[in-house]
Engineer: 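Quick one: this structure, given as structure tokens, is what I'll be asking you about.
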Amino acid sequence: MAFAVTSSSATISGSRFSRSSSSSDLKVPKIGSFRLAEHHATVNLSKKRCAVKPVNAEPKRNDSLLPQAASISAPEVSEKVEVEDFEQLAKELDNASPLEIMDKALEKFGNDVAIAFSGAEDVALIEYAKLTGRPFRVFSLDTGRLNPETYRFFDEVEKHYGIRIEYMFPDAVEVQALVRSKGLFSFYEDGHQECCRVRKVRPLRRALKGLRAWITGQRKDQSPGTRSEVPVVQVDPVFEGLDGGVGSLVKWNPVANVDGIDIWNFLRAMNVPVNSLHSQGFVSIGCEPCTRPVLPGQHEREGRWWWEDSKAKECGLHKGNLKQDNAAQLNGNGNGAAAHTDIFNSQSLVTLSRAGIENLARLENRKEPWIVVLYAPWCPYCQAMEESYVGLGEKLAGSGMKVAKFRADGEEKEYAQKELQLGSFPTILLFPKHSAKPIKYASEKRDVDSLMAFVNALR
């Protein structure tokens, strides 16, 4: 919302944040700056609010993206306004180009919207914003754990576009408490959610409290399990904006309907700088300890938090993408019995119950070795290896090696994590004939030949 107030003679300026545009001589008014002159008061209202309330400066540092304003008082004005229907707008813009959607976002929200930049291929958003010819803002979350290449890329982007990225940092006290109590790499043991909450989600929450809208690089093809229904614009279902409360923040996703390959074609055509990690096999880029290159044929999100469930490929910034049933599965509570047909159905496989797997794990001298897959029928990676695992069972039939399956989601997940080394689905264990402790299959190659090589090496 933009407003100007003229009253008694005085001039007050708040903090100034730089804005970028494609025109070098364009001068943009700074948010948080006000000029008071003599005579009457004039108030310009956008359609997004029905009243202008006092804006008061605070002596404390403000960590949001809204620069601190001087203390002024504005008259209370009541006016019946039209509420924007963003669901309808999303339908109208569903077939629009990313450039058109970006232009609409910048037109509607001006200085109250900013691009969220992660340091990956979402640099395309900055290029689209530049092409609109409108001023724009960019912010990024510096978690303190990014790759050196990403930091250098930030600097390159700033110089290429002539902008200053508005960095948000995690609270030092919170980071210190987390590291001192759990170590630097606790996320490998108990999941990434806690670390992401401290280093990413809370800084983002502070940033968004200074905005009325934000622009993300989410695409539907990035994570079919959580992003397949992302609209081009929506009322943010999780975070709050400047006005506070539910519905106070709008989320724009201009490239939601664009495939990754088309994003890259655009970047090459426009000669846009890119993160050098991409040339090393990184597709989706996050923090250094939680990101790795992907193999040919792997989905881009498999390079993120690879030790966790396939459904858990969100850090919390886009938590609103998770539907209720997906959220239950993410927490290990979804039973999925009605919604998901069981898999690995073959006479060559033994189905183990909880009691069966417990008995197998307790045996120190087994009559025969066993190979067991810990799975969840809703997991796409489990579904993808069904054919090869059934083929393994058929190959090993009558060989003295038992091939079995144990469904380890829902109520069984906690036990499987604690006693069976479950990190993500699927997990494959070999129980040797004369050893109590099972051996975990570490490779992500789950074809029949690779699984047979694992079996032959240990039996």
Side-chain angles (χ1 to χ4, degrees), residues 1-3 14-15 17 31-32 45-58 60-69 74 76 81-90 104-106 108-118 125 136-143 166-171 174 193-194 196-218 226-227 229-254 256 314-324 327:
M1 180 189 73
F3 62 95
S15 307
F17 269 49
I31 184 168
L45 287 153
S46 72
K47 291 186 177 182
K48 298 177 183 63
R49 298 187 68 189
C50 63
V52 177
K53 298 182 180 180
V55 179
N56 297 308
E58 296 178 356
K60 296 182 179 179
R61 173 176 58 85
N62 187 349
D63 286 331
S64 77
L65 288 182
L66 175 68
Q68 197 140 299
E76 294 285 344
V81 297
E82 178 184 347
V83 178
E84 182 82 62
D85 185 347
F86 286 101
E87 187 173 344
Q88 179 59 36
L89 182 61
K104 181 68 70 174
L106 296 177
K108 278 185 172 292
F109 289 94
N111 203 54
D112 291 336
V113 63
I115 296 168
F117 177 46
S118 70
L125 297 175
F136 61 93
R137 297 168 64 185
V138 179
F139 76 94
S140 188
L141 306 177
D142 183 351
T143 65
E166 302 171 37
Y167 297 102
M168 298 299 297
F169 301 90
D171 184 273
E174 290 185 352
Q193 298 296 333
E194 182 179 21
C196 285
R197 187 163 54 249
V198 170
R199 293 180 181 272
K200 298 178 73 173
V201 178
R202 287 173 182 164
L204 176 67
R205 193 178 300 277
R206 294 199 310 269
L208 297 180
K209 286 294 289 182
L211 299 169
R212 290 193 171 88
W214 62 309
I215 302 169
T216 86
Q218 289 190 105
T226 61
R227 300 187 179 184
E229 298 180 13
V230 170
V232 297
V233 62
Q234 63 188 135
V235 174
D236 196 299
V238 176
F239 296 101
E240 296 181 5
L242 183 61
D243 298 329
V246 178
S248 59
L249 185 71
V250 175
K251 186 175 184 179
W252 293 82
N253 309 299
E314 294 288 356
C315 60
L317 304 188
H318 305 295
K319 186 179 178 181
N321 295 338
L322 296 174
K323 297 180 180 179
Q324 188 172 359

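Sequence positions, counted from 1, serve as the residue numbers for this chain.
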Engineer: What are the two closest non-hydrogen atoms of V235 and G247, and how far apart are they?
Structural biologist: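 That closest heavy-atom pairing would be CG1-CA, 3.4 Å.
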Engineer: At their closest point, which heavy atom of L249 faces which heavy atom of A213, and how far apart are they?
Structural biologist: CD1-N, 3.6 Å
Engineer: Donor-acceptor pair, distance only, cut-off 3.5 Å: does the side chain of R212 make one with the backbone of G241?
Structural biologist: no
Engineer: Name all residues meeting the side-chain contact (heavy atoms from CB on, under 4.5 Å) criterion together with E194; count only those two or more places apart in sequence or in a different chain, and write none if there are none.
Structural biologist: L178, K182, D190, R197
Engineer: Can you tell if the side chain of L204 reaches within under 4.5 Å of the side chain of M168, non-hydrogen atoms only?
Structural biologist: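 SC-SC contact between L204 and M168 ruled out.
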Engineer: Using the side-chain contact (heavy atoms from CB on, under 4.5 Å) criterion, which residues pair with A256? Sequence neighbours excluded.
Structural biologist: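 side-chain contact (heavy atoms from CB on, under 4.5 Å) check on A256 returns V230, V232, N253.
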Engineer: Which residues pass the side-chain hydrogen bond (donor to acceptor under 3.5 Å, both in side chains) test with E87, sequence neighbours left out?
Structural biologist: none
Engineer: Name all residues meeting the side-chain hydrogen bond (donor to acceptor under 3.5 Å, both in side chains) criterion together with T143; count only those two or more places apart in sequence or in a different chain, and write none if there are none.
Structural biologist: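 Applying side-chain hydrogen bond (donor to acceptor under 3.5 Å, both in side chains) to T143 gives none.
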Engineer: Could you tell me if the side chain of L89 sits less than 4.5 Å from the side chain of K108, heavy atoms only?
Structural biologist: yes
Engineer: Carefully, step by step, assess F139 and L211 under the rule side-chain contact (heavy atoms from CB on, under 4.5 Å).
Structural biologist: CA-CA 11 Å; F139 76 94; L211 299 169; 4.3 Å; yes
Engineer: Please confirm whether the backbone N or O of L141 pairs with a side-chain atom of R199, one donor and one acceptor, at under 3.5 Å?
Structural biologist: no
Engineer: Using the side-chain hydrogen bond (donor to acceptor under 3.5 Å, both in side chains) criterion, which residues pair with R202? Sequence neighbours excluded.
Structural biologist: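 R202 satisfies side-chain hydrogen bond (donor to acceptor under 3.5 Å, both in side chains) with E174 only.
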Engineer: Check the orientation of W214 and F239. Use parallel for under 30°, tilted for 30 to 60°, and perpendicular for over 60°.
Structural biologist: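 Judged by the thresholds at 30° and 60°, the geometry between W214 and F239 is perpendicular.
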Engineer: Identify the heavy atoms of D236 and V238 that sit nearest to each other, and give their distance.
Structural biologist: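 Nearest pair, atom of D236 first, then V238: OD1-N, 2.8 Å.
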Engineer: Do you know which two heavy atoms are closest between F136 and I115, and how far apart they sit?
Structural biologist: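 Result for this residue pair: CD1-CD1, 4.2 Å.
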Engineer: Give the minimum heavy-atom separation between Q234 and P231, together with the two atoms involved.
Structural biologist: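 Heavy atoms of Q234 and P231 come nearest at CB-CG, 3.7 Å.
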Engineer: Nearest 0.5 Å, please: how far is CG in L125 from CH2 in W252?
Structural biologist: 13.5 Å
Engineer: Distance from F169 atom CZ to R206 atom CZ, nearest 0.5 Å?
Structural biologist: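 Reported to 0.5 Å precision, the distance equals 10.5 Å.
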Engineer: Once side-chain contact (heavy atoms from CB on, under 4.5 Å) is applied, do any residues pair with S140, and if so which ones, sequence neighbours excluded?
Structural biologist: F154, I165, Y167
Engineer: Might you work through the side-chain contact (heavy atoms from CB on, under 4.5 Å) test for I215 and L106, ending with a clear yes or no?
Structural biologist: CA-CA 10 Å; I215 302 169; L106 296 177; 4.3 Å; yes
